[in-house]
Amino acid sequence: MEEDNNVKKGMLLLGTSIVVILLAYACLIVGAILQERGYNNADILPVVLTGFFGGNVLAIALFFKAYPILVRSDCARMDARYAGKELTEMSFPNWQALVRTFLLDKFQFIEEGYYRTKRFSFLRDSVCYYARITEDTDIENAFRREGIRLYQTQRREKNLCLLLFVYLDEVGEEDKKALKELNKSSIIMESVLNPNTSVSALVVAIDRRSNTGYYMEIGRHGRFTLYGYGCRMIRKLFGQGQ
């Protein structure tokens, strides 16, 4: 209920800011009409300028007050959506076969230990995929370590999608929770907080015993995000359709 009230408040503030800015521009139009009809410019100019600039300042203030409320609401809604979503489960090859899959799909091995390819995209011009295979006993630790590692390589490429494959001895329930949180954070960051980001990361946890892999598939709303492109690349590489 409180969240609903906050959303209503945010929408009211946003709607009011739009109305105010329209009224501000209406002041200019009314001023021009009055001047055409012979009214003294010295009388109407102060009123017009006050209405225009004052209205714009007020509209901006209302917008900046509404913006964080609506962003928090979107984040909460997205978080709830993915909290109730099950991880996608599919069969992955072992480490060596995974490498062969990348090479067959024209990924190139580069000196920093990544497999890289660049693919054309109508909406983004191109997307640069960096695949990294590692092993660990903790998904969060692997994600943090590889994130620092990628940053230290000083990659400045536009539209970069990191595909991080983490092999674990066993993927338990705690690992799945951590995986869900990491991928959920990537989705929320790109879908809500920073839609113009040029970097996204998708983590896949693979059980070494069964070669069963888990990751979070994005919904239809995010199919054109970098994370969404990463999901499509995984489906393409491992035979799950487009």
Side-chain angles (χ1 to χ4, degrees), residues 75-76 78-103 107 109-117 128-155 157 160-194 197-219 222 225-235 237-238 240:
C75 286
M78 192 79 69
D79 185 85
R81 175 187 298 171
Y82 284 96
K85 184 178 175 67
E86 294 297 323
L87 293 171
T88 295
E89 178 180 338
M90 69 168 67
S91 178
F92 284 83
N94 60 35
W95 187 310
Q96 292 74 22
L98 192 67
V99 169
R100 289 196 295 272
T101 301
F102 292 139
L103 296 178
F107 279 71
F109 181 75
I110 57 178
E111 60 183 10
E112 294 91 347
Y114 296 100
Y115 294 87
R116 177 190 180 279
T117 189
C128 218
Y129 299 93
Y130 278 76
R132 172 77 174 161
I133 311 171
T134 187
E135 57 184 356
D136 209 303
T137 58
D138 184 274
I139 293 176
E140 292 177 311
N141 179 65
F143 181 78
R144 182 168 53 252
R145 182 184 67 245
E146 297 304 328
I148 294 172
R149 191 172 186 277
L150 182 66
Y151 177 78
Q152 289 176 340
T153 63
Q154 298 184 340
R155 292 290 166 195
E157 292 184 85
L160 189 157
C161 180
L162 172 64
L163 303 176
L164 179 59
F165 298 83
V166 184
Y167 279 86
L168 302 170
D169 290 334
E170 180 183 5
V171 180
E173 289 305 314
E174 290 303 315
D175 298 308
K176 291 178 182 178
K177 288 179 183 177
L179 179 66
K180 180 180 282 192
E181 288 301 316
L182 288 173
N183 282 337
K184 186 168 64 173
S185 296
S186 292
I187 293 170
I188 292 174
M189 174 60 71
E190 190 176 359
S191 300
V192 180
L193 297 177
N194 187 9
T197 185
S198 60
V199 179
S200 187
L202 191 162
V203 188
V204 181
I206 303 175
D207 191 313
R208 205 192 320 269
R209 300 175 310 167
S210 63
N211 286 330
T212 301
Y214 305 85
Y215 72 99
M216 177 68 78
E217 182 72 49
I218 198 166
T225 61
L226 290 172
Y227 189 98
Y229 279 102
C231 291
R232 286 203 292 278
M233 177 59 76
I234 287 176
R235 294 195 300 271
L237 287 171
F238 303 105
Q240 300 299 316

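Please read these numbers as outputs of a predicted model, since none were measured by experiment.
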When rounded to the nearest 0.5 angstrom, what distance separates CG in Leu202 from CG in Asn183?
-> 5.0 Å

Carefully, step by step, assess Val203 and Leu179 under the rule side chain to side chain contact (heavy atoms under 4.5 Å, CB included).
-> CA-CA 7 Å; Val203 188; Leu179 179 66; 3.8 Å; yes

Taking the side chain as every heavy atom from C-beta outward, state whether Leu160 and Leu226 have any atom pair closer than 4.5 Å.
-> no

Would you please name every residue forming a salt bridge (charged side-chain N to carboxylate O under 4.0 Å, His left out) with Asp138, sequence neighbours left out?
-> none

Measure across Asp207 and Val171 and return the closest heavy-atom pair with its distance rounded to 0.1 Å.
-> OD2-N, 3.2 Å

Value for CG (Leu168) from OG1 (Thr137), rounded to nearest 0.5 Å, stands at 8.0 Å

By ring pair (Phe, Tyr, Trp, His ring centres under 6.0 Å), Phe92 pairs with (sequence neighbours left out) Phe238

So does Glu217 pair up with Arg235, basic N to acidic O under 4.0 Å?
-> yes

Please list, chain by chain and in numerical order, all residues satisfying side-chain contact (heavy atoms from CB on, under 4.5 Å) with Leu182, sequence neighbours excluded.
-> Ile139, Glu140, Phe143

Does any pair with a residue in residues 163-180 pass side-chain hydrogen bond (donor to acceptor under 3.5 Å, both in side chains), and if so which ones, sequence neighbours excluded?
-> Asp169-Arg208

Distance in Å, Leu163 CG paired with Met233 CE, rounded so as to fall on 0.5 Å steps = 7.0 Å

On a heavy-atom basis, the closest approach of Thr101 and Pro93 is OG1-CG, 4.3 Å

Met216 to Ile187 - nearest heavy-atom pair and separation = CG-CD1, 3.9 Å

Name all residues meeting the side chain to side chain donor-acceptor pair (under 3.5 Å) criterion together with Asn141; count only those two or more places apart in sequence or in a different chain, and write none if there are none.
-> Asp136

Before giving the answer on side chain to side chain contact (heavy atoms under 4.5 Å, CB included), spell out for Tyr129 and Leu237 the whole-Å C-alpha distance, their side-chain angles and the decisive distance to 0.1 Å.
-> CA-CA 12 Å; Tyr129 299 93; Leu237 287 171; over 6 Å; no

Looking at side-chain heavy atoms only, is the closest gap between Arg132 and Leu150 below 4.5 Å?
-> no

Under the side chain to side chain contact (heavy atoms under 4.5 Å, CB included) criterion, do Ser186 and Tyr227 qualify, and how do the steps go?
-> CA-CA 7 Å; Ser186 292; Tyr227 189 98; 4.0 Å; yes

Ring pair (Phe, Tyr, Trp, His ring centres under 6.0 Å) partners of Phe165, counting only residues at least two apart | Phe102

With sequence neighbours left out, write down each residue that passes side chain to side chain donor-acceptor pair (under 3.5 Å) with Thr212, or none if nothing qualifies.
-> Ser210

What residues, two or more places apart in sequence or in another chain, satisfy side chain to side chain donor-acceptor pair (under 3.5 Å) together with Ser200?
-> Glu190

Could you walk me through whether Val199 and Leu162 pass the side chain to side chain contact (heavy atoms under 4.5 Å, CB included) test, one step at a time?
-> CA-CA 8 Å; Val199 179; Leu162 172 64; 5.9 Å; no

Kindly indicate whether the side chain of Leu103, heavy atoms from C-beta on, has any atom under 4.5 Å from the side chain of Tyr115.
-> yes

Side chain to side chain donor-acceptor pair (under 3.5 Å) involving Thr117 - partner list, sequence neighbours excluded | Arg119

Any idea how Tyr130 and Tyr114 line up, ring-wise: parallel (<30°), tilted (30 to 60°), or perpendicular (>60°)?
-> perpendicular

